[in-house]
Protein chains: 2
Amino acid sequence: MGLAKTEMFTEGQNKISLFAKVFGHPARVAILQHLFKMNACVCGDLVNEIGLAQPTISQHLKELKSLGLIKGNVEGTSVCYCIDKKNWTAMKTIMMEFLDQDVSQDMDCC
Amino acid sequence: MGLAKTEMFTEGQNKISLFAKVFGHPARVAILQHLFKMNACVCGDLVNEIGLAQPTISQHLKELKSLGLIKGNVEGTSVCYCIDKKNWTAMKTIMMEFLDQDVSQDMDCC
DNA sequence: ATTATTAATCGTAATATTGCAATGTAACAA
DNA sequence: TTGTTACATTGCAATATTACGATTAATAAT
């Protein structure tokens with residue numbers, strides 16, 4: 001199947017899994033880290049920085065953009081990408097809440 | 001291809017993406033949330049709680065276990081699962097560091 | 001011993017993801 | 001105009017993921 005049955009889960013669970021899924025590939029992690037590191041915007045340097053072919057990088061960028069985590073700005077022939085800080089922060093809140101569930105109980109079965 | 005070229009990324013990037021990937025399915029998010037909520041251990045209630053077939057849940061549990069995020073304990077005919085708190089905390093540290101990159105700069109291209 | 005219960009594993013169908021060559025498109029340069 | 005540069009899109013091959021029926025394995029109950 002390869003098809004997740006999203007209708008049987010809460011909106012929150014689906015949201016978390018969608019964000020997580022986009023981080024589920026090292027190239028996208030690398031792209032995001034590079035955008036953060038460069039602070040300002042970066043463009044096709046990503047193709048050089050990361051070792052994948054241009055269409056591949058373009059596809060990963062598209063996925064990050066469609067989730068709203070990055071923005072792209074056309075500048076002449078090149079396109080400048082950067083983190084969408086507002087959306088990143090919103091995502092961060094959701095993910096942190098999931099990750100930060102209380103672990104301090106000492107009940108433990110195993 | 002469907003095959004990530006992990007050799008071209010750092011260990012850290014691959015680690016983040018592996019953790020993220022396991023959260024990239026709502027069923028696994030739901031399983032983890034339920035394990036947290038129940039605090040103590042839960043077993044095949046997960047099959048009832050979540051609406052998927054038993055082999056499907058079993059498969060998701062296996063993935064969570066292989067990453068070390070949960071532990072399973074045989075109790076008679078049933079198996080009791082719980083969060084592996086130590087490993088969860090370690091994972092949390094890695095993921096939070098990734099999510100919490102500095103976003104406060106006002107440099108912005110777009 | 002036989003049967004029931006619980007969960008893991010196997011096998012397989014349906015679908016998704018990854019990666020890239022080839023091609024398309026848009027802006028700039030000469 | 002003719003290239004050139006920088007990206008996006010298309011199409012496709014290879015592989016991965018998801019889901020579940022059927023089966024198996026292990027323990028418990030009778």
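Heavy atoms only: backbone and side chains are in, while hydrogens, waters and symmetry mates are out. Proteins get letters first, then strands, A, B, ... in listed order; numbering begins at 1 in each.
- The CG atom of A/Asp45 sits 16 Å away from the P atom of D/dT5 (whole-angstrom rounding).
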Inset, instruction - Would you check, one step at a time, whether the test side chain to side chain contact (heavy atoms under 4.5 Å, CB included) holds for A/Leu35 with A/Cys82? - result: CA-CA 6 Å; A/Leu35 289 182; A/Cys82 62; 5.6 Å; no
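- Listed pair B/Tyr81 / C/dT6 fails the phosphate criterion, with no side-chain N or O lying under 4.0 Å from OP1 or OP2.
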Inset, instruction - Start with the C-alpha distance between B/Asn73 and B/Tyr81, add both sets of side-chain angles, then the distance that settles side chain to side chain contact (heavy atoms under 4.5 Å, CB included), and finish with yes or no. - result: CA-CA 6 Å; B/Asn73 207 31; B/Tyr81 284 100; over 6 Å; no
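- Rounded to whole Å, atom P of C/dC20 lies 9 Å from atom CD1 of A/Ile57.
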Inset, instruction - Show your reasoning for whether side chain to side chain contact (heavy atoms under 4.5 Å, CB included) applies to A/Ile83 and A/Phe36. - result: CA-CA 7 Å; A/Ile83 303 288; A/Phe36 271 116; 3.7 Å; yes
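- Considering every non-hydrogen atom in both B/Leu99 and A/Trp88, the closest pair reads O-NE1, 2.9 Å.
- Residues that satisfy the side-chain contact (heavy atoms from CB on, under 4.5 Å) test with B/Ile94, not counting sequence neighbours, are B/Lys15, B/Ile16, B/Phe19.
- Contacts of B/Ser58 with the nucleic acid, taken as non-hydrogen atoms under 4.0 Å apart, include base atoms.
- The main-chain N or O of B/Thr89 is found under 3.5 Å from a side-chain atom of B/Thr93 such that the two form a donor-acceptor pair.
- Between the CD1 atom of B/Ile50 and the P atom of C/dA7 there is a distance of 13 Å, given to the nearest Å.
- Atom NZ of residue A/Lys71 and atom CG of residue A/Asn87 lie 8.0 Å apart, to the nearest 0.5 angstrom.
- Across every non-hydrogen atom of B/Ala20 and A/Gly24, the tightest pair is CB-N, 3.8 Å.
- Checked against side chain to side chain donor-acceptor pair (under 3.5 Å), A/Gln33 has the following partners two or more places apart in sequence or in another chain: B/Gln13.
- Note: CD1 (A/Ile70) to C1' (D/dA8) measures 13 Å, nearest angstrom.
- Where the helix from C/dA1-D/dT30 to C/dA30-D/dT1 starts and where it ends, the local axes point in directions that differ by 10°; five pairs per end, rounded to 10°.
- Between the CG atom of B/Asn73 and the P atom of D/dA26 there is a distance of 17 Å, rounded to whole Å.
- Remark: P of D/dA6 and CG of A/Leu61 are 16 Å apart, rounded to the nearest angstrom.
- Remark: C1' of C/dT6 and CG of B/Leu46 are 13 Å apart, rounded to the nearest angstrom.
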Produce the list of close N/O pairs, under 3.5 Å, pairing protein atoms with atoms of nucleotides 28-30 of chain C; give distances to one decimal.
none

Inset, instruction - Determine, step by step, whether B/Phe23 and A/Phe98 satisfy the side chain to side chain contact (heavy atoms under 4.5 Å, CB included) criterion, reporting the C-alpha distance in whole Å, the side-chain angles of both residues, the deciding distance to 0.1 Å, and the verdict. - result: CA-CA 10 Å; B/Phe23 300 140; A/Phe98 169 67; 3.8 Å; yes
Can you give each donor-acceptor pair under 3.5 Å made by side-chain atoms of residues 48-70 of chain A, sequence neighbours left out, with the distance rounded to 0.1 Å?
{"from": "A/His60", "atom 1": "ND1", "to": "A/Arg28", "atom 2": "NH1", "distance (Å)": "3.0"}
{"from": "A/Glu63", "atom 1": "OE1", "to": "A/Arg28", "atom 2": "NH1", "distance (Å)": "3.3"}
{"from": "A/Glu63", "atom 1": "OE2", "to": "A/Arg28", "atom 2": "NH1", "distance (Å)": "3.3"}
{"from": "A/Ser66", "atom 1": "OG", "to": "A/Glu63", "atom 2": "O", "distance (Å)": "3.1"}

Legend entry - Nucleic acid footprint by protein, nucleotides 17-25 of chain D - heavy-atom cut-off 4.0 Å, B for base, S for sugar-phosphate alone: BBBBBB---
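- Between B/Asn14 atom CG and C/dT18 atom P there is a gap of 13 Å when expressed in whole angstrom units.
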